[in-house]
Protein chains: 2
Amino acid sequence: MSIIENINKTFDNRVRLGIMAALMVNESVDFNTLKELLAVTDGNLASHIKALEKMDYILIQKQFIGKKTNTKYSVTKLGKMAFKKHIKALEQLITQQKKSK
Amino acid sequence: MSIIENINKTFDNRVRLGIMAALMVNESVDFNTLKELLAVTDGNLASHIKALEKMDYILIQKQFIGKKTNTKYSVTKLGKMAFKKHIKALEQLITQQKKSK
DNA sequence: ATTATAACTTTGCAATTCAAAGTACTTTTA
DNA sequence: TAAAAGTACTTTGAATTGCAAAGTTATAAT
């Protein structure tokens with residue numbers, strides 16, 4: 001059993017990690033807020049969002065704010081579990097003990 | 001200022017993250033131990049090691065154990081700093097507060 | 001009617017990742 | 001002593017990923 005097998009490949013990327021982190025601490029975050037937060041182009045953001053949605057880690061909700069369209073995202077139960085597992089794996093990785101032998 | 005700018009791109013990869021983690025808690029680790037620990041092919045490991053060495057994050061030391069060649073690696077001061085900064089950024093990312101407004 | 005905003009999709013190139021094969025050198029084994 | 005095996009790579013090549021830029025659709029403001 002390798003020490004890195006619990007590290008989720010989906011979260012290898014900084015943008016996806018950032019999206020997930022933002023959604024873990026906020027009930028929902030919209031497209032432009034994420035875009036600003038992560039300093040990425042909209043095409044790039046959209047593609048990472050798509051990747052997370054494909055994994056069923058996040059949920060897309062389209063709405064209107066006044067007369068403007070607004071798309072917001074939230075993390076699913078599965079996404080929460082996956083992210084927590086990832087963080088735990090990172091912690092273990094970092095705090096692992098020296099192995100003797 | 002983006003919330004992900006302190007996340008080090010070099011550590012986006014699980015293998016490199018694993019190498020660094022192993023070297024942070026062990027004074028040195030040799031090639032075959034890393035290979036086993038991370039469950040990668042030797043070519044793949046060698047290339048990730050090379051990438052870390054190129055950044056001056058790790059140091060290569062060749063020696064003999066008995067009659068066998070043995071290559072071991074250790075983390076440099078720069079590597080330690082970079083890794084710690086990365087971990088700190090991850091922590092901040094995860095524990096960030098809801099921003100109002 | 002033109003311009004702007006939102007949230008994309010498409011395109012296409014560049015960088016990354018990885019396994020597999022090849023290499024050089026040494027050592028062990030038959 | 002010839003063949004096999006181990007160490008630590010390098011090289012090759014193909015697949016995947018990442019990204020910016022441009023294009024798209026639809027509505028809204030001017």
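Below, all heavy atoms of this structure are taken into account, side chains as well, without hydrogens, waters or symmetry copies. All chains are named by letter (A, B, ...) in the order of the sequence lines, taking the proteins before the strands, and each is independently numbered beginning at 1.
Side-chain nitrogen and oxygen atoms of B:N13 include none within less than 4.0 Å of the OP1 or OP2 phosphate oxygen of C:dT16. Look at B:T41 and you won't find any side-chain N or O under 4.0 angstrom from OP1 or OP2 of C:dC18. At D:dC9, one or more side-chain N or O atoms of B:K62 fall inside 4.0 Å of OP1 or OP2 (strictly under the cut-off). The phosphate of C:dT16 (OP1 or OP2) has no side-chain N or O of B:H48 nearer than 4.0 angstrom. Between D:dG18 and A:N44, no contact under 4.0 Å exists linking OP1 or OP2 to a side-chain N or O.
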Margin query: Set out, in order, the CA-CA distance, both residues' side-chain angles and the distance that settles side chain to side chain contact (heavy atoms under 4.5 Å, CB included) for A:I94 and B:M24, then state yes or no.
Written below: CA-CA 8 Å; A:I94 296 153; B:M24 288 297 284; over 6 Å; no

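Across all strands, A:Y73 comes closer than 4.0 Å only to sugar-phosphate atoms, never to a base (heavy-atom distances). The residue A:R16 sits close only to the backbone: its heavy atoms come under 4.0 Å of sugar-phosphate atoms, none of a base. B:K9 comes within 4.0 angstrom of sugar-phosphate atoms only, judged by non-hydrogen atoms across all strands, and of no base. Using a 4.0 Å heavy-atom distance criterion, A:K35 is classed as making no nucleic acid contact.
Here the rule is side-chain contact (heavy atoms from CB on, under 4.5 Å) with B:F31, and of B:T69, B:I60, B:D42 only B:D42 fits it.
Per the geometry, CD1 belonging to B:I65 stands 13 Å off C1' belonging to D:dG6, to the nearest Å. The interatomic distance linking B:L45 (CG) with D:dG6 (P) rounds to 18 Å, in whole Å. Computed from coordinates, the B:L38 CG to C:dA19 C1' distance equals 16 Å when rounded to whole Å. If you take CG of B:L34 and P of D:dC9, they are 11 Å apart, rounded to a whole angstrom. Atom CG in B:L17 sits roughly 12 Å away from atom P in C:dT17 (whole-Å rounding). Between B:I49 atom CD1 and C:dC18 atom C1' there is a gap of 15 Å when expressed in whole angstrom units.
Between the side chain of B:S2 and the main chain of A:L37, a donor-acceptor pair closer than 3.5 Å is present. B:T71 contributes no side-chain N or O that, together with a main-chain N or O of B:K62, makes up a donor-acceptor pair within less than 3.5 Å. For the pair A:N26 (side chain) and A:A22 (backbone), a donor-acceptor distance under 3.5 Å is present. For the pair A:T76 (side chain) and A:L59 (backbone), a donor-acceptor distance under 3.5 Å is absent.
The nearest heavy atom of DNA chain D to A:S47 and to A:F64 marks one nucleotide each, and the one closer to the 5' end goes with A:S47. Between B:D12 and A:D42, the residue anchored closer to the 5' end of DNA chain C is A:D42, taking for each the nucleotide with the nearest heavy atom.
Looking at residues two or more places apart in sequence or on another chain, you find a side-chain contact (heavy atoms from CB on, under 4.5 Å) between B:D30 and B:N32, B:T33, B:N70, B:K72. Checked against side-chain hydrogen bond (donor to acceptor under 3.5 Å, both in side chains), A:Q61 has the following partners two or more places apart in sequence or in another chain: A:S74.
Two residues are said to be in side-chain contact when any heavy atoms from C-beta on lie closer than 4.5 Å; B:I19 and B:H48 meet this criterion. B:L34 has its side chain within reach of B:Y73: a pair of non-hydrogen atoms, C-beta onward, lies under 4.5 Å apart.
Using a 4.5 Å cut-off between side-chain heavy atoms of Ile, Leu, Val, Met, Phe, Trp and Tyr, with links allowed through other members, B:L17 and B:L78 fall into the same hydrophobic cluster.
Of the residues in residues 52-61 of chain B, none lies under 4.0 Å from DNA chain D by heavy-atom distance.
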Show me the side-chain donor-acceptor pairs of residues 7-14 of chain A shorter than 3.5 Å, one per line, residues at least two apart or across chains.
| unit_1 | atom_1 | unit_2 | atom_2 | d |
| --- | --- | --- | --- | --- |
| A:N8 | OD1 | A:T10 | N | 2.9 |
| A:N8 | OD1 | A:T10 | OG1 | 3.1 |
| A:N8 | ND2 | A:Y57 | OH | 3.1 |
| A:N13 | OD1 | A:V15 | N | 2.7 |
| A:N13 | OD1 | A:R16 | N | 3.1 |
| A:R14 | NE | B:I7 | O | 3.2 |

Give me, pair by pair, the N or O atoms of the protein and of nucleotides 3-6 of chain C that are less than 3.5 Å apart, along with how far apart they are.
| unit_1 | atom_1 | unit_2 | atom_2 | d |
| --- | --- | --- | --- | --- |
| C:dA6 | O3' | A:T69 | O | 3.2 |

Could you pull out the protein-nucleic contacts involving nucleotides 1-4 of chain D (nitrogen or oxygen on both sides, under 3.5 Å)?
none

